[in-house]
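So the structure is just underneath, and the comments pick up after that.
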Protein chains: 2
Amino acid sequence: MYPNFISHIRKYVKLDDHSVARLIQYISPLKLKRKEFLLKEGQICQSIYFVEKGCLRMFFIDDKLNEQITQFALENWWMADHFSFLDNKPSPYLIQTIEKSEILAINKTLFEEMLRELPQMERYFRIIMQRAVAASQLRNKFTYEMSKEEFYQHFNTSFPEFVQRVPQYMIASYLGLTPQYVSELRKKKL
Amino acid sequence: MYPNFISHIRKYVKLDDHSVARLIQYISPLKLKRKEFLLKEGQICQSIYFVEKGCLRMFFIDDKLNEQITQFALENWWMADHFSFLDNKPSPYLIQTIEKSEILAINKTLFEEMLRELPQMERYFRIIMQRAVAASQLRNKFTYEMSKEEFYQHFNTSFPEFVQRVPQYMIASYLGLTPQYVSELRKKKL
DNA sequence: TTCATTTCTTAAACCAGCTTAATTTTTTAT
DNA sequence: ATAAAAAATTAAGCTGGTTTAAGAAATGAA
């Protein structure tokens, strides 16, 4: 049951079988088809989502009505609008499956209860969040030091699995490029 | 003793006086003059730093030998290269005081011990890190939806204290602009 | 107060990456 | 299978922001 989820947690903290049984009480498994939504703009992000299987994107609609993708999540990644989740603010984002997916959701109230009951989970999320900060520091550094062309090439070589699974226009959006420019860059490389 | 530090923690978790006394055993206070370094490129980021008073910047040297500033921290902010701190990797960054500052440092080993002894601190850092993720999601969204001119104007109106305290060329660097362009934008606004 | 250093400004030429618009290819649903 | 919709390509013209190079103004140390 949820093998990715459990082994991901056990990579960072010790958790005996009894605690695992208790932990599972707090989560809601969701089976979703392609293009289904977990969050829509204007709603409060009530849950954080773990991708047991499949792939999610988070995006917002900009002033020219483009879908601007700010994050992807595939297996073993968490997804949430943390600002909305922490402070109960309406979110500007939409969260949507890209493929058929199995998602584990924990809502805010149960999340707090779970952390009180299982201190190892407080530790797990401290580590996960600190790693998320580290990852965003790194990505941020790349945006300072690379041109958009370099950023695109870097992404391609660093995450080939992604490039296989996700349409090109979505990668363009995530990297802050126009689909036309990405097309030009691909042509250039051949 | 360290009033900003203690009240910042008590904003997020309950901490009795005995725990505060224990907590203080783990931290090293540093009094630093203007332009002193806490970290230099190639070193491992051994500590995380809390700004009790003063102001820090984190930057790296890019391929054109520019100092690229990626983060500032003033009172009540934490500063670290988390990737280096978590995984003991040499850091590409330098961390330096902009003004005379009072910094509280916790090194990696003591950090782990402290979290074991004081579970409230594990909770505090989970919250702090989750808020840091929220902040970086927000900043990231701005870079997708704003032009560089808008980003500059937004920063000015959102953080006027910063603009007072920090030289203009450092703000330009942080925002990914040339000092020349910032100068042009200021002229335009008058 | 003065000098040396740091910071800020001005202006012209330049270009990486965007916009617009039309066409082709691929994918999805029935 | 087939039609419709979604995704990718091509190409020309354009612009927001950089680069380069000097000079002016502000600041800190002695």
- So, A:Glu122 and A:Arg116, do they make that salt bridge, N to O below 4.0 Å? no
- Item | Leading and trailing nucleotides of DNA chain D with any atom under 4.0 Å from heavy atoms of chain A | D:dA7 to D:dA11
- Item | B:Pro167 side chain, from C-beta outward: closest of C:dT7, C:dT10, C:dT9 | C:dT7
- Task: Can you tell me the distance, in whole Å, between the CG atom of A:Leu175 and the P atom of C:dC18?
- Result: 11 Å
- Message: Need to verify one output field. Residue with the more 5' nearest nucleotide on DNA chain C, B:Met170 or B:Glu184?
- Response: B:Met170
- Message: I need the OH-C1' distance between B:Tyr169 and C:dT5, as an integer number of Å.
- Response: 11 Å
- Message: Among residues at least two apart in sequence or on other chains, which ones pass side chain to side chain donor-acceptor pair (under 3.5 Å) with A:Glu145?
- Response: A:Lys141
- Query: What integer distance in Å separates B:Ile171:CD1 from C:dT7:P?
  - Reply: 13 Å
- Query: Hey, what bend do you get for the helix from C:dT1-D:dA30 to C:dT30-D:dA1 if you fit axes on five pairs at each end, rounded to 10°?
  - Reply: 70°
- Message: OP1 or OP2 of C:dT28 versus the side-chain N and O atoms of A:Lys35: is any pair under 4.0 Å?
- Response: no
- Message: According to ring pair (Phe, Tyr, Trp, His ring centres under 6.0 Å), who are the partners of A:Tyr12, at least two apart in sequence or on a separate chain?
- Response: A:His8
- Message: Restricting to side-chain contact (heavy atoms from CB on, under 4.5 Å), what partner residues turn up for B:Asn4, sequence neighbours left out?
- Response: B:Phe50, B:Glu52, B:Glu75, B:Asn76
- Query: Taking only residues two or more places apart in sequence, or in another chain, which ones meet A:Asp16 in a salt bridge (charged side-chain N to carboxylate O under 4.0 Å, His left out)?
  - Reply: none
- Query: Ion pair present between B:Glu99 and B:Arg34, side-chain N to carboxylate O less than 4.0 angstrom?
  - Reply: no
- Task: Measure from CG on A:Asn66 to P on C:dG17 and round the result to the nearest Å.
- Result: 18 Å
- Specify the residues of residues 143-152 of chain B, ordered by number, for which at least one heavy atom lies under 4.0 angstrom from an atom of DNA chain D. B:Ser147, B:Lys148, B:Glu149
Report all interatomic pairs (protein N or O, nucleotide N or O of nucleotides 20-22 of chain C) with separations under 3.5 Å.
from   : atom 1 : to       : atom 2 : distance (Å)
C:dT20 : O4     : A:Gln180 : NE2    : 3.2

- Query: Atom CZ of A:Arg186 to atom P of C:dT25: distance rounded to whole Å?
  - Reply: 15 Å
- Note on the structure: Sorted by chain and residue number, the ring pair (Phe, Tyr, Trp, His ring centres under 6.0 Å) partners of B:Phe111 (sequence neighbours excluded) come out as B:Phe85, B:Phe125
With a cut-off of 3.5 Å and sequence neighbours excluded, list every side-chain donor-acceptor pair involving residues 36-46 of chain A.
from    : atom 1 : to      : atom 2 : distance (Å)
A:Glu36 : OE1    : A:Lys33 : N      : 2.6
A:Gln43 : OE1    : A:Lys40 : N      : 3.0

Would you list the atom pairs, donor with acceptor, under 3.5 Å between side chains in residues 56-74 of chain B and any protein atom, with sequence neighbours excluded?
from    : atom 1 : to       : atom 2 : distance (Å)
B:Arg57 : NE     : B:Gln96  : OE1    : 3.0
B:Arg57 : NH1    : B:Glu67  : OE1    : 3.0
B:Arg57 : NH2    : B:Glu67  : OE1    : 3.1
B:Arg57 : NH2    : B:Gln96  : OE1    : 2.7
B:Asp62 : OD1    : B:Lys64  : N      : 2.9
B:Asp62 : OD1    : B:Leu65  : N      : 3.1
B:Asp62 : OD1    : B:Asn66  : N      : 2.9
B:Asp62 : OD2    : B:Asn66  : ND2    : 3.4
B:Gln71 : OE1    : A:Gln137 : NE2    : 2.8

- Message: Among residues at least two apart in sequence or on other chains, which ones pass salt bridge (charged side-chain N to carboxylate O under 4.0 Å, His left out) with A:Lys148?
- Response: none
- From the options C:dT7, C:dG17, C:dA11, select the nucleotide whose nearest atom is closest to the side chain of A:Tyr181. C:dG17
- Task: Would you name the heavy atoms of B:Ser173 and A:Tyr144 that are closest together and state the gap between them?
- Result: O-CE2, 3.5 Å
- Task: Whole angstrom is fine here: how far is it from CD1 in B:Ile69 over to P in C:dT7?
- Result: 10 Å
- Classify the side-chain pair A:Gln130/B:Arg126 by whether it contains a donor and acceptor separated by less than 3.5 Å. no
- Task: Check whether NZ of the Lys or CZ of the Arg B:Arg10 lies under 6.0 Å from the centre of the six-membered ring of B:Tyr2 and within 45 degrees of that ring's axis.
- Result: no
- Task: Please work out whether the ring planes of B:Phe159 and B:Phe155 are parallel, tilted or perpendicular, with thresholds of 30° and 60°.
- Result: tilted
- Message: Just N and O in the side chain of B:Ser183: are any of them under 4.0 Å from OP1 or OP2 of C:dC8?
- Response: no
- Ignoring backbone atoms, establish whether B:Gln168 has a side-chain N or O less than 4.0 Å from OP1 or OP2 of C:dT9. yes
